[in-house]
Amino acid sequence: MSLTHKTAAELGALIASGEVSAVEVAQAHLDRIAAVEPQVNAFLHVDAETTLEQARTVDARRAAGERLGPLAGVPIAHKDVFTTADMPTTAGSKILEGWRPPYDATVTRRLREAGLVILGKTNLDEFAMGSSTENSAYGPTRNPWDLSRIPGGSSGGSSAAVAAYEAPLSTGTDTGGSIRQPAAVTGIVGMKPTYGGSSRYGLIAFASSLDTPGPFARNVMDAALLQEAFSGHDPLDSTSIDAPVPSVVEAARQGDVAGLRIGVVKEFGGEGYQPGVLARFHETVELLESLGAKVVEVSCPSFTVALPAYYLIAPSECSSNLARFDAMRYGLRVGDDGTRSAEDVMALTRAAGFGPEVKRRIILGTYALSSGYYDAYYGQAQKVRTLIARDFEAAFGQVDVLVSPTTPTTAFPIGERADDPMAMYLADLCTIPANMAGNAAISVPCGLADEDGLPVGLQIMAPVLGDDRCYRVAAAVENALESRWGGALLSKAPAL
Ligand code: GLN
């Protein structure tokens with residue numbers, strides 16, 4: 001099997017034992033990127049020399065007798081919303097074109113400390129606002145399963161890179177579903193850790209009370225290894241949780257559900273869901289039952305208003321966070337010809353530098369926070385948020401995990417929802433509750449829809465700091481389905 005088709009764990013073992021060098025592994029992935037990028041457009045920035053330099057460092061450490069960690073020398077694609085001192089960082093926006101951050105995000109720094117080799121920066125919806133990667137200022141990314149379709153978003157470059165075998169691992173951020181939804185529609189694994197379980201330091205902020213970095217991989221164990229490598233307490237992030245967490249790698253290894261109580265969220269399913277998505281979801285629930293889990297239906301009534309509440313809270317926070325892009329401090333500056341005021345330069349820069357979705361959200365958030373409307377909109381949405389957290393608490397009094405389809409439909413065609421924000425927002429119907437309450441949630445492939453042959457994801461939600469439960473159930477599903485299909489779901493994708 002070629003190096004690009006191995007798992008991250010296999011590559012790490014081969015490099016640690018000296019059977020292959022980190023440079024060979026990096027070069028194989030750079031070659032794959034060169035071959036498929038014209039079709040996929042997953043990356044905004046690739047720099048072969050910087051990549052090979054990192055790989056040479058790992059090889060030198062090994063040659064000097066150092067014992068390497070499980071992911072040392074393994075290549076990774078990094079979402080272009082994390083700062084990187086040696087690569088540009090754009091957040092998919094024209095307003096940050098050409099910006100070179102002076103520092104590494106904590107996630108970036110921990111990837112480097114684990115010896116991961118950063119291949120480049122991946123495409124995303126501008127400032128992580130979107131579900132299709134069509135809102136990138138640098139053109140859309142394409143789904144490797146069907147190049148006329150979206151790879152999900154906002155972390156669509158990261159999901160496509162892994163699904164197209166350009167990288168075994170990638171990073172994402174999930175504010176309302178931006179890791180789980182792209183994972184589901186590209187047939188890979190994507191995890192939103194507990195809020196505060198992974199650091200936001202050096203992550204360009206969208207909605208700070210929701211933003212959560214997490215891993216993408218082609219299997220559950222690789223995702224667990226990556227999450228363990230970059231998560232954990234960070235004194236540089238004031239909302240970082242300083243508490244011991246159960247090992248997610250151990251949970252992924254365990255992968256059994258015997259005796260586990262699994263709740264099916266009553267509110268997610270039925271009308272508005274693609275039949276092929278529901279068919280695979282229900283089959284997977286039956287599969288879990290056959291593996292010894294006890295399945296019950298659980299009602300979470302406030303989950304039905306999570307989406308509208310999210311579209312008040314997320315834009316409100318973004319309107320405040322994006323005020324820093326004022327033409328003075330970073331990146332683009334338009335109209336600074338010596339005749340204009342700072343205000344005029346700011347207005348010209350923001351008009352030229354922000355795309356339509358970002359402007360829509362800044363306007364919506366500014367309105368929701370304005371003095372006359374604050375209580376009616378933002379205040380009300382915060383109350384809904386409390387109700388969602390209470391629904392989760394009540395549910396986890398009865399069951400160990402909750403399950404639902406990750407997304408109502410499979411990957412939709414590029415352009416289909418681009419002019420219809422409401423249709424686009426519905427892609428995150430099932431994923432938003434976990435962000436609103438800070439819970440852990442994962443998406444794991446559970447089959448192909450009959451109508452279009454495209455991947456379907458199962459979402460598994462766990463309590464705050466119960467990330468291990470997500471991995472345990474996801475690994476059980478993965479093992480059972482792999483024996484049924486005779487291999488990973490991704491191997492069913494048409495070859496690029
Ligand atoms: N699609 C959602 C939005 O547009 C979620 C994005 C995200 O999780 N970053 O806000």
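In this chain, residues are counted from 1 in sequence order. Remember, it's 1-based here, ligands and their atoms both numbered in the order they're listed.
When each atom of ligand 1 is checked for a heavy atom of F206 under 4.0 Å away, the hits are 9 (N), 10 (O). Atoms of ligand 1 lying under 4.0 Å from any heavy atom of G130, numbered from 1 in the order shown and given with element: 1 (N), 2 (C), 3 (C), 4 (O), 6 (C). Close approach to Y310 involves these atoms of ligand 1, each under 4.0 Å from a residue heavy atom: 2 (C), 3 (C), 5 (C), 6 (C), 10 (O). Atoms of ligand 1 lying under 4.0 Å from any heavy atom of A128, numbered from 1 in the order shown and given with element: 6 (C), 7 (C), 9 (N).
Under the 4.0 Å criterion applied to side-chain N and carboxylate O atoms, D86 and R112 are assigned as salt-bridge partners.
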| query | Passes salt bridge (Lys or Arg N to Asp or Glu O under 4.0 Å), R280 versus E283? Steps please. | reply | CA-CA 5 Å; R280 292 299 87 78; E283 271 170 29; 2.9 Å; yes
| request: Kindly determine whether L364 and R360 satisfy side chain to side chain contact (heavy atoms under 4.5 Å, CB included), including the steps that lead there. | output: CA-CA 6 Å; L364 190 64; R360 182 180 297 127; 5.5 Å; no
| request: Check the pair D428 / S131 against side chain to side chain contact (heavy atoms under 4.5 Å, CB included), numbers first and verdict last. | output: CA-CA 8 Å; D428 291 315; S131 301; 3.1 Å; yes
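Contact annotation: for S154 versus ligand 1, heavy atoms closer than 4.0 Å belong to the side chain alone.
The closest approach between any non-hydrogen atom of R361 and ligand 1 is below 4.0 Å. For the pair Y311 and ligand 1, a heavy-atom separation below 4.0 Å is found. For A314, the closest heavy-atom approach to ligand 1 does not fall below 4.0 Å.
Side-chain contact check for D146 and S148: at least one donor-acceptor pair (N or O, by modelled atom type) lies under 3.5 Å.
Considering both main-chain and side-chain atoms, D174 never comes within under 3.5 Å of ligand 1 through any nitrogen or oxygen pair. In terms of polar-atom proximity, S178 is counted as a contact of ligand 1, with an N or O under 3.5 Å from an N or O of the ligand. The shortest N or O to N or O distance between G176 and ligand 1 is under 3.5 Å.
Taking the centre of each ring, F392 and F303 come in below the 6.0 Å mark. F127 and F325 have their aromatic ring centers within a separation under 6.0 angstrom.
Residue pairs satisfying the salt bridge (charged side-chain N to carboxylate O under 4.0 Å, His left out) criterion with at least one member in residues 224-241, sequence neighbours excluded, are listed as follows: R200-D237.
Distance from atom 1 (N) of ligand 1 to its nearest protein heavy atom, with residue and atom name: D428 OD2, 2.4 Å.
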